There are 2 protein chains.
Amino acid sequence: MSFSVATTGRMESLAELFTSRATDSCHPGQAIFWEGDPATGTFRIHEGVLRLYRILPDGCRAVTGFAFAGDVLGIAFHDRYSYTAEAVTNVRYSRFSRERLRKLASESPALQHELFEVVADELSAAQEQMILLGQKSSEERVASFLLKNGLRVYGSDKKTIDFELPMTRLDMADYLGLTIETVCRSLTKLKQAKLVSFRGRHRVTLHKLAELARFAGEEELEILRDPDHHDPVVRSEPMPLPFQNDKSGRMHLVI
Amino acid sequence: MSFSVATTGRMESLAELFTSRATDSCHPGQAIFWEGDPATGTFRIHEGVLRLYRILPDGCRAVTGFAFAGDVLGIAFHDRYSYTAEAVTNVRYSRFSRERLRKLASESPALQHELFEVVADELSAAQEQMILLGQKSSEERVASFLLKNGLRVYGSDKKTIDFELPMTRLDMADYLGLTIETVCRSLTKLKQAKLVSFRGRHRVTLHKLAELARFAGEEELEILRDPDHHDPVVRSEPMPLPFQNDKSGRMHLVI
DNA sequence: CGCAAGGTTGACTGCAGTCAATAACCGTGG
DNA sequence: CCACGGTTATTGACTGCAGTCAACCTTGCG
């Protein structure tokens with residue numbers, strides 16, 4: 001839900017909870033937890049990037065997301081992890097027992113609310129991704145991906161954004177529902193259109209954000225919410241679009 | 001999280017909460033709430049089917065899901081509804097204030113847990129859908145869709161399943177990231193393969209479930225969980241697949 | 001430097017989208 | 001009850017985007 005201000009006993013925030021724990025670290029290619037393992041722990045990423053993926057029955061890999069510094073993993077699972085979390089870069093993280101976290105949450109509405117927000121954000125991200133995968137062309141997907149990653153680091157105020165994109169082209173492809181070759185070709189198109197440029201394989205610069213956003217099929221963008229967490233979710237704007245729908249659910253564009 | 005047994009004061013379940021409220025109803029094409037409206041209410045569907053969708057900047061419609069009897073909508077939003085919920089059939093439902101629900105939840109770990117489960121299930125469903133949209137062919141998508149809808153009604157024990165599929169082909173298409181024509185062609189293929197048959201446009205029979213599941217690219221299927229709510233989520237099985245991944249995240253099928 | 005992993009580009013193919021014509025269905029009214 | 005009209009569904013012909021296969025290039029590490 002939204003906005004719970006209540007506190008019970010001493011307030012304890014999710015981030016604090018984790019920083020009170022020891023820090024572990026792992027290296028590129030190592031997993032923090034595996035798809036199918038009993039989900040006993042939750043994890044907060046202090047530094048680095050992970051890929052989150054499943055292996056499908058046919059052996060394909062589906063990357064369902066990436067995790068970055070500040071993200072908390074492992075909250076919303078049922079009894080088993082539904083994906084593997086594997087380091088892309090060096091990663092520092094802390095672990096906290098799910099059991100204990102659940103118990104603490106049942107005593108602290110504030111914490112409860114924070115956990116709820118984490119899951120609600122994940123859900124928003126997943127639905128955004130559903131739309132990307134269901135509706136967008138390859139170039140729109142790649143543009144969206146670059147934009148989202150750029151905006152995670154800075155706000156949307158600057159004209160130009162420069163950042164690191166540590167995952168491989170294959171990671172991007174498996175995340176965007178494309179092949180590695182199509183990702184490359186789309187990147188090339190974006191380079192040719194002078195919307196982005198690369199220094200090496202993993203250092204990106206986004207020029208002309210507004211154009212890139214339009215190209216990506218995103219709404220507006222410059223709405224620029226508070227510099228709170230990652231919240232590129234809005235999208236649900238007033239929506240004065242010229243359509244109407246008749247009694248049976250068919251959509252008609254009026255013009 | 002999972003399995004909270006604790007109770008605080010008098011236990012009150014989510015379903016009960018709603019059944020204590022008046023029942024509203026709406027007709028095909030009418031919306032219960034609209035994308036972008038302030039999210040003040042939560043809703044439990046007692047009967048009927050709704051389509052949940054967004055309108056994208058370019059005017060396209062993306063169906064993010066369907067809601068059925070027993071489902072609860074409107075829990076995980078931020079301050080605004082992120083999609084429109086529109087009746088496909090006649091729908092009976094109850095409304096409950098989000099504000100009040102939040103307050104009750106902060107006092108009842110049991111209710112809190114129920115809400116958490118609802119959102120966690122939504123997240124599971126969304127990630128399942130991400131995989132469908134990112135990895136599956138048109139025929140696999142349609143087969144998955146039929147199977148999922150069939151299994152919602154019955155378990156997976158029967159050899160044959162017969163059920164109503166009230167949404168239009170366009171709804172399915174917008175949900176599966178396909179066109180209406182491709183949905184039709186896929187249905188035709190499935191009919192020709194004798195895996196399904198139709199009586200009229202909305203009455204489906206699934207024959208040979210196991211084959212259909214294999215065709216849909218689903219794992220096993222006959223695992224047959226408890227006849228609890230809808231829980232087709234498992235998928236995270238032991239996974240003894242013959243692969244290994246080297247230090248940089250590239251997957252190698254060993255054979 | 002040399003090699004291997006990762007990335008890019010090109011040629012070709014095929015699946016799903018588009019446009020268009022036809023058929024089935026359903027509610028309404030004669 | 002049947003006939004009619006509008007909506008929804010199906011099929012066909014053709015196109016085009018993204019996938020496949022293959023060659024080549026870059027980069028970074030031992």
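Each chain gets a letter, A, B and so on, in the order its sequence line appears, and its residues count up from 1. Note that the structure is predicted; figures quoted are calculated from it, not measured.
Remark: P of D:dG19 and NZ of B:K136 are 17 Å apart, rounded to the nearest angstrom. Distance B:R169 CZ to D:dT7 C1': 14 Å, rounded to the nearest Å. Straight-line distance from the NE2 atom of B:H27 to the P atom of C:dG27: 15 Å, rounded to whole Å. Going from atom CD of A:E139 over to atom P of D:dC17 covers 9 Å, rounded to whole Å. For B:R203 and C:dC26, the CZ to P distance is 13 Å, given to the nearest whole Å. Regarding A:R199, its CZ atom lies at a distance of 11 Å from the P atom of D:dT27, rounded to whole Å. The nearest whole Å value for the distance from the CG atom in B:L170 to the C1' atom in C:dG17 is 14 Å. With rounding to whole Å, B:Q135 atom CD is found 14 Å from C:dA16 atom P.
The aromatic rings of B:F77 and B:Y81 sit perpendicular to each other, their planes meeting at more than 60°, with 30° as the lower class boundary.
Contacts between residues 176-192 of chain A and DNA chain C, defined by a heavy-atom separation below 4.0 Å, involve A:E181, A:C184, A:R185, A:T188, A:K191, listed by number.
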Exercise answer: donor-acceptor pairs, residues 183-194 of chain A side-chain atoms, under 3.5 Å, sequence neighbours excluded:
| residue | atom | partner | partner atom | Å |
| --- | --- | --- | --- | --- |
| A:S186 | OG | A:T182 | O | 2.9 |
| A:T188 | OG1 | A:C184 | O | 2.9 |
| A:K189 | NZ | A:E139 | OE2 | 2.8 |

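Residues passing the ring pair (Phe, Tyr, Trp, His ring centres under 6.0 Å) test with B:F43 are B:F33, B:Y93, sequence neighbours excluded. Considering only residues two or more places apart in sequence or on other chains, A:T64 meets the side-chain hydrogen bond (donor to acceptor under 3.5 Å, both in side chains) condition with none of them.
DNA chain C forms stems at C:1-30 with D:1-30, each a run of 3 or more consecutive Watson-Crick or G-U wobble pairs whose two key distances fall under 3.5 Å.
Residue-to-nucleotide contacts include a donor-acceptor pair under 3.5 Å from the side chain of B:R201 to the base of D:dT8.
The nearest heavy atom of DNA chain D to A:S138 and to A:G200 marks one nucleotide each, and the one closer to the 5' end goes with A:S138.
Judged by the 6.0 Å distance and 45° axis criteria, A:R61 is positioned over the aromatic ring of A:Y53.
The ring-ring contact (aromatic ring centres under 6.0 Å, His included) analysis of residues 149-173 of chain B, with sequence neighbours excluded, yields no pairs.
Looking at A:R141, A:K136, A:K148 one by one, the single match for salt bridge (charged side-chain N to carboxylate O under 4.0 Å, His left out) with A:E218 turns out to be A:K136.
Here the closest heavy-atom approach between residue A:P57 and residue B:G217 is recorded as CG-O, 3.8 Å.
Looking at A:D171, its side chain does come within 3.5 Å of a backbone N or O of A:T168 through a donor-acceptor pair.
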